[in-house]
There are 2 protein chains.
Amino acid sequence: MDKKSRAEALIAQEKAALEAWNQGNPSGYLEIYDRDITYFDPYHEKRIDGIERMQALYESLRGQVRVDAYEMIDARVEVSEEMAVLTYNLVSFSPGEVMRWNCTEVYRRGDRGAWKIIHNHWSLIPPPSK
Amino acid sequence: MDKKSRAEALIAQEKAALEAWNQGNPSGYLEIYDRDITYFDPYHEKRIDGIERMQALYESLRGQVRVDAYEMIDARVEVSEEMAVLTYNLVSFSPGEVMRWNCTEVYRRGDRGAWKIIHNHWSLIPPPSK
(Lines give C-alpha, C1' and ligand atoms only; values in the text may rest on other atoms or scores of the structure.)
Protein backbone atom coordinates (compact mmCIF):
# COMPACT_ATOMS: atom_id res chain seq x y z
CA MET A 1 0.00 0.00 0.00
CA ASP A 2 1.48 3.39 -0.93
CA LYS A 3 1.61 6.31 1.49
CA LYS A 4 -1.50 8.01 0.16
CA SER A 5 -3.56 4.83 0.41
CA ARG A 6 -2.18 4.14 3.89
CA ALA A 7 -3.16 7.64 5.00
CA GLU A 8 -6.66 7.21 3.62
CA ALA A 9 -7.00 3.81 5.30
CA LEU A 10 -5.95 5.25 8.68
CA ILE A 11 -8.45 8.09 8.38
CA ALA A 12 -11.23 5.67 7.44
CA GLN A 13 -10.30 3.45 10.41
CA GLU A 14 -10.36 6.49 12.70
CA LYS A 15 -13.78 7.59 11.47
CA ALA A 16 -15.21 4.14 12.11
CA ALA A 17 -13.80 4.06 15.66
CA LEU A 18 -15.00 7.61 16.33
CA GLU A 19 -18.50 6.93 15.04
CA ALA A 20 -18.81 3.91 17.31
CA TRP A 21 -17.48 6.00 20.23
CA ASN A 22 -20.09 8.67 19.50
CA GLN A 23 -22.76 6.01 20.04
CA GLY A 24 -21.30 4.98 23.38
CA ASN A 25 -19.29 2.05 22.04
CA PRO A 26 -15.55 2.12 22.83
CA SER A 27 -14.77 -1.19 21.11
CA GLY A 28 -13.65 0.48 17.89
CA TYR A 29 -10.81 2.24 19.65
CA LEU A 30 -9.95 -0.69 21.89
CA GLU A 31 -9.53 -2.90 18.82
CA ILE A 32 -7.03 -0.55 17.19
CA TYR A 33 -5.10 0.33 20.36
CA ASP A 34 -1.79 -1.46 20.60
CA ARG A 35 -1.05 -3.35 23.81
CA ASP A 36 1.67 -0.70 24.41
CA ILE A 37 -0.74 2.24 24.04
CA THR A 38 0.05 5.45 25.92
CA TYR A 39 -2.77 7.94 26.35
CA PHE A 40 -3.43 11.53 27.39
CA ASP A 41 -6.78 13.19 27.89
CA PRO A 42 -7.83 16.29 29.88
CA TYR A 43 -9.42 14.29 32.67
CA HIS A 44 -6.36 12.48 34.01
CA GLU A 45 -3.42 13.94 35.84
CA LYS A 46 -0.92 11.57 34.29
CA ARG A 47 -0.40 9.57 31.15
CA ILE A 48 -2.23 6.24 31.07
CA ASP A 49 -0.04 3.36 29.91
CA GLY A 50 -1.04 -0.04 28.57
CA ILE A 51 -4.08 -1.69 27.04
CA GLU A 52 -5.35 -3.10 30.33
CA ARG A 53 -5.75 0.36 31.85
CA MET A 54 -7.35 1.66 28.67
CA GLN A 55 -9.79 -1.24 28.62
CA ALA A 56 -10.77 -0.46 32.22
CA LEU A 57 -11.21 3.25 31.46
CA TYR A 58 -13.16 2.82 28.24
CA GLU A 59 -15.37 0.02 29.52
CA SER A 60 -16.32 2.32 32.43
CA LEU A 61 -17.54 4.82 29.81
CA ARG A 62 -19.46 2.32 27.68
CA GLY A 63 -22.93 3.67 27.01
CA GLN A 64 -22.09 7.05 28.57
CA VAL A 65 -21.24 9.00 25.44
CA ARG A 66 -23.73 10.42 23.00
CA VAL A 67 -22.52 12.59 20.16
CA ASP A 68 -25.04 13.32 17.43
CA ALA A 69 -22.72 14.78 14.83
CA TYR A 70 -19.07 15.60 14.36
CA GLU A 71 -16.71 17.42 12.05
CA MET A 72 -13.23 16.05 11.42
CA ILE A 73 -11.21 19.08 10.36
CA ASP A 74 -7.96 19.07 8.35
CA ALA A 75 -7.01 15.46 9.02
CA ARG A 76 -3.33 15.03 8.17
CA VAL A 77 -1.23 11.88 8.13
CA GLU A 78 2.53 11.47 8.01
CA VAL A 79 3.51 7.91 7.11
CA SER A 80 6.81 6.05 7.22
CA GLU A 81 7.52 2.35 6.79
CA GLU A 82 6.83 1.46 10.41
CA MET A 83 5.04 4.42 11.98
CA ALA A 84 2.47 7.07 11.15
CA VAL A 85 0.93 10.08 12.84
CA LEU A 86 -2.63 11.30 12.32
CA THR A 87 -3.69 14.71 13.59
CA TYR A 88 -6.95 16.61 13.27
CA ASN A 89 -9.32 19.01 14.96
CA LEU A 90 -12.64 17.56 16.02
CA VAL A 91 -15.93 19.31 16.76
CA SER A 92 -18.46 17.11 18.57
CA PHE A 93 -22.11 18.09 18.76
CA SER A 94 -24.15 16.69 21.64
CA PRO A 95 -27.53 17.82 22.93
CA GLY A 96 -26.86 21.27 24.37
CA GLU A 97 -23.11 21.01 24.04
CA VAL A 98 -20.39 21.60 21.48
CA MET A 99 -16.89 20.35 22.28
CA ARG A 100 -13.75 21.24 20.35
CA TRP A 101 -10.80 18.88 20.45
CA ASN A 102 -7.23 18.53 19.31
CA CYS A 103 -6.40 14.93 18.44
CA THR A 104 -3.06 13.19 17.88
CA GLU A 105 -2.70 9.48 17.12
CA VAL A 106 0.57 7.68 16.53
CA TYR A 107 0.42 4.33 14.74
CA ARG A 108 2.93 1.49 14.55
CA ARG A 109 2.88 -1.28 11.98
CA GLY A 110 2.64 -4.58 13.80
CA ASP A 111 4.26 -7.90 12.96
CA ARG A 112 1.29 -9.04 10.92
CA GLY A 113 0.94 -5.76 9.05
CA ALA A 114 -1.88 -4.35 11.17
CA TRP A 115 -1.47 -0.67 12.04
CA LYS A 116 -2.30 0.00 15.66
CA ILE A 117 -2.34 3.12 17.82
CA ILE A 118 0.61 3.30 20.21
CA HIS A 119 -0.16 6.82 21.40
CA ASN A 120 -3.34 8.90 21.60
CA HIS A 121 -3.53 12.48 22.88
CA TRP A 122 -6.88 14.26 23.25
CA SER A 123 -7.14 17.83 24.48
CA LEU A 124 -9.90 20.39 24.72
CA ILE A 125 -10.08 23.88 23.30
CA PRO A 126 -10.29 26.54 24.76
CA PRO A 127 -7.72 26.41 27.53
CA PRO A 128 -8.50 25.84 31.18
CA SER A 129 -9.79 28.76 33.18
CA LYS A 130 -7.82 29.58 36.26
CA MET B 1 22.83 4.49 17.24
CA ASP B 2 20.68 1.82 18.89
CA LYS B 3 17.14 2.45 20.06
CA LYS B 4 18.05 3.05 23.69
CA SER B 5 20.73 5.57 22.78
CA ARG B 6 18.40 7.28 20.32
CA ALA B 7 15.74 7.57 23.03
CA GLU B 8 18.24 9.06 25.46
CA ALA B 9 19.47 11.50 22.82
CA LEU B 10 15.93 12.68 22.08
CA ILE B 11 15.20 13.21 25.77
CA ALA B 12 18.44 15.15 26.22
CA GLN B 13 17.61 17.29 23.18
CA GLU B 14 14.12 17.94 24.60
CA LYS B 15 15.50 18.99 27.99
CA ALA B 16 17.87 21.45 26.35
CA ALA B 17 15.06 23.00 24.28
CA LEU B 18 12.75 23.12 27.31
CA GLU B 19 15.35 24.74 29.54
CA ALA B 20 15.95 27.45 26.95
CA TRP B 21 12.18 27.93 26.63
CA ASN B 22 11.88 28.29 30.38
CA GLN B 23 14.26 31.25 30.16
CA GLY B 24 12.19 32.92 27.46
CA ASN B 25 14.25 31.61 24.53
CA PRO B 26 12.27 29.68 21.88
CA SER B 27 15.28 29.05 19.61
CA GLY B 28 15.88 25.58 21.04
CA TYR B 29 12.50 24.36 19.82
CA LEU B 30 12.61 26.27 16.54
CA GLU B 31 15.92 24.58 15.71
CA ILE B 32 14.52 21.08 16.19
CA TYR B 33 11.14 21.72 14.55
CA ASP B 34 10.91 20.29 11.06
CA ARG B 35 9.76 22.61 8.28
CA ASP B 36 6.61 20.41 8.14
CA ILE B 37 5.83 20.80 11.85
CA THR B 38 2.21 20.54 12.95
CA TYR B 39 1.35 21.91 16.38
CA PHE B 40 -1.43 21.91 18.96
CA ASP B 41 -1.58 23.94 22.16
CA PRO B 42 -4.50 25.00 24.36
CA TYR B 43 -4.44 28.60 23.18
CA HIS B 44 -5.29 28.10 19.51
CA GLU B 45 -8.56 26.97 18.00
CA LYS B 46 -6.92 25.02 15.21
CA ARG B 47 -3.75 23.15 14.47
CA ILE B 48 -0.83 25.35 13.40
CA ASP B 49 1.01 24.02 10.35
CA GLY B 50 4.48 24.83 9.08
CA ILE B 51 7.69 26.29 10.42
CA GLU B 52 6.93 29.82 9.25
CA ARG B 53 3.82 30.04 11.43
CA MET B 54 5.66 28.49 14.38
CA GLN B 55 8.50 30.96 14.01
CA ALA B 56 6.00 33.83 14.06
CA LEU B 57 4.24 32.43 17.13
CA TYR B 58 7.35 31.62 19.13
CA GLU B 59 9.17 34.84 18.25
CA SER B 60 6.12 36.73 19.57
CA LEU B 61 6.66 34.94 22.89
CA ARG B 62 10.42 35.51 23.08
CA GLY B 63 11.28 36.91 26.50
CA GLN B 64 7.74 36.36 27.80
CA VAL B 65 8.18 33.01 29.54
CA ARG B 66 9.80 32.51 32.91
CA VAL B 67 9.79 29.08 34.47
CA ASP B 68 12.04 28.65 37.48
CA ALA B 69 11.92 24.87 37.77
CA TYR B 70 10.34 21.90 36.07
CA GLU B 71 9.78 18.19 36.48
CA MET B 72 9.79 15.92 33.43
CA ILE B 73 7.75 12.90 34.52
CA ASP B 74 7.86 9.41 33.00
CA ALA B 75 9.43 10.37 29.69
CA ARG B 76 8.88 7.54 27.25
CA VAL B 77 10.19 7.12 23.72
CA GLU B 78 9.12 4.71 20.99
CA VAL B 79 11.66 4.57 18.19
CA SER B 80 11.57 3.08 14.70
CA GLU B 81 14.01 3.49 11.83
CA GLU B 82 12.48 6.70 10.56
CA MET B 83 10.19 8.02 13.27
CA ALA B 84 9.95 8.30 17.04
CA VAL B 85 7.44 9.53 19.59
CA LEU B 86 8.33 11.11 22.94
CA THR B 87 5.65 11.59 25.60
CA TYR B 88 5.86 12.91 29.14
CA ASN B 89 4.06 14.86 31.82
CA LEU B 90 5.55 18.21 32.68
CA VAL B 91 5.16 20.31 35.80
CA SER B 92 6.36 23.91 35.41
CA PHE B 93 6.95 26.12 38.43
CA SER B 94 6.74 29.88 37.92
CA PRO B 95 6.42 32.63 40.52
CA GLY B 96 2.95 32.09 42.00
CA GLU B 97 1.93 29.48 39.45
CA VAL B 98 2.22 25.77 38.86
CA MET B 99 1.21 24.41 35.46
CA ARG B 100 0.71 20.75 34.58
CA TRP B 101 1.10 19.65 30.99
CA ASN B 102 0.74 16.64 28.76
CA CYS B 103 3.35 16.63 26.02
CA THR B 104 3.60 14.61 22.79
CA GLU B 105 6.38 15.04 20.25
CA VAL B 106 6.73 13.05 17.04
CA TYR B 107 10.14 12.97 15.38
CA ARG B 108 11.19 12.11 11.86
CA ARG B 109 14.71 11.25 10.77
CA GLY B 110 15.76 13.70 8.09
CA ASP B 111 17.87 13.11 5.01
CA ARG B 112 21.07 14.01 6.81
CA GLY B 113 20.29 11.94 9.87
CA ALA B 114 19.02 14.79 12.04
CA TRP B 115 15.90 13.94 14.04
CA LYS B 116 13.40 16.77 13.92
CA ILE B 117 9.95 17.30 15.42
CA ILE B 118 7.15 16.95 12.86
CA HIS B 119 4.36 17.16 15.43
CA ASN B 120 4.05 18.70 18.89
CA HIS B 121 0.94 18.57 21.08
CA TRP B 122 0.80 20.46 24.38
CA SER B 123 -2.25 20.34 26.63
CA LEU B 124 -3.04 21.51 30.12
CA ILE B 125 -4.34 19.55 33.07
CA PRO B 126 -6.98 19.87 34.48
CA PRO B 127 -9.54 20.30 31.73
CA PRO B 128 -11.06 23.60 30.67
CA SER B 129 -13.86 25.02 32.75
CA LYS B 130 -16.98 25.97 30.92
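Only a predicted model underlies this, so the values are computations on that prediction, with no experimental measurement involved. Letters go in sequence order (proteins before strands), and every chain restarts at 1.
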Given heavy-atom pairs under 4.5 angstrom as the criterion, report whether the side chain, backbone, both or neither of [X] touches chain B.
| X | result |
| --- | --- |
| A:H119 | side chain |
| A:R76 | both |
| A:V106 | side chain |
| A:D36 | both |
| A:T104 | both |

Have B:R47 and A:N102 got a donor and an acceptor in their side chains that come within less than 3.5 Å? no

Nearest-0.5 Å distance that lies between atom CE in A:M54 and atom CG in A:D34: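 Those atoms lie 12.5 Å apart.
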
Would you please classify the geometry between the A:H121 ring and the B:H121 ring as parallel, tilted or perpendicular, with 30° and 60° separating the classes? parallel

Indicate the ring-plane relationship of A:H44 and A:Y39, choosing parallel, tilted or perpendicular according to the 30° and 60° boundaries. perpendicular

Looking only at heavy atoms and a cut-off of under 4.5 Å, which of A:E78, A:R109, A:R100 has the most pairs with chain B? A:E78

Can you check whether B:Y88 and B:W101 have ring centres sitting under 6.0 Å from each other? no

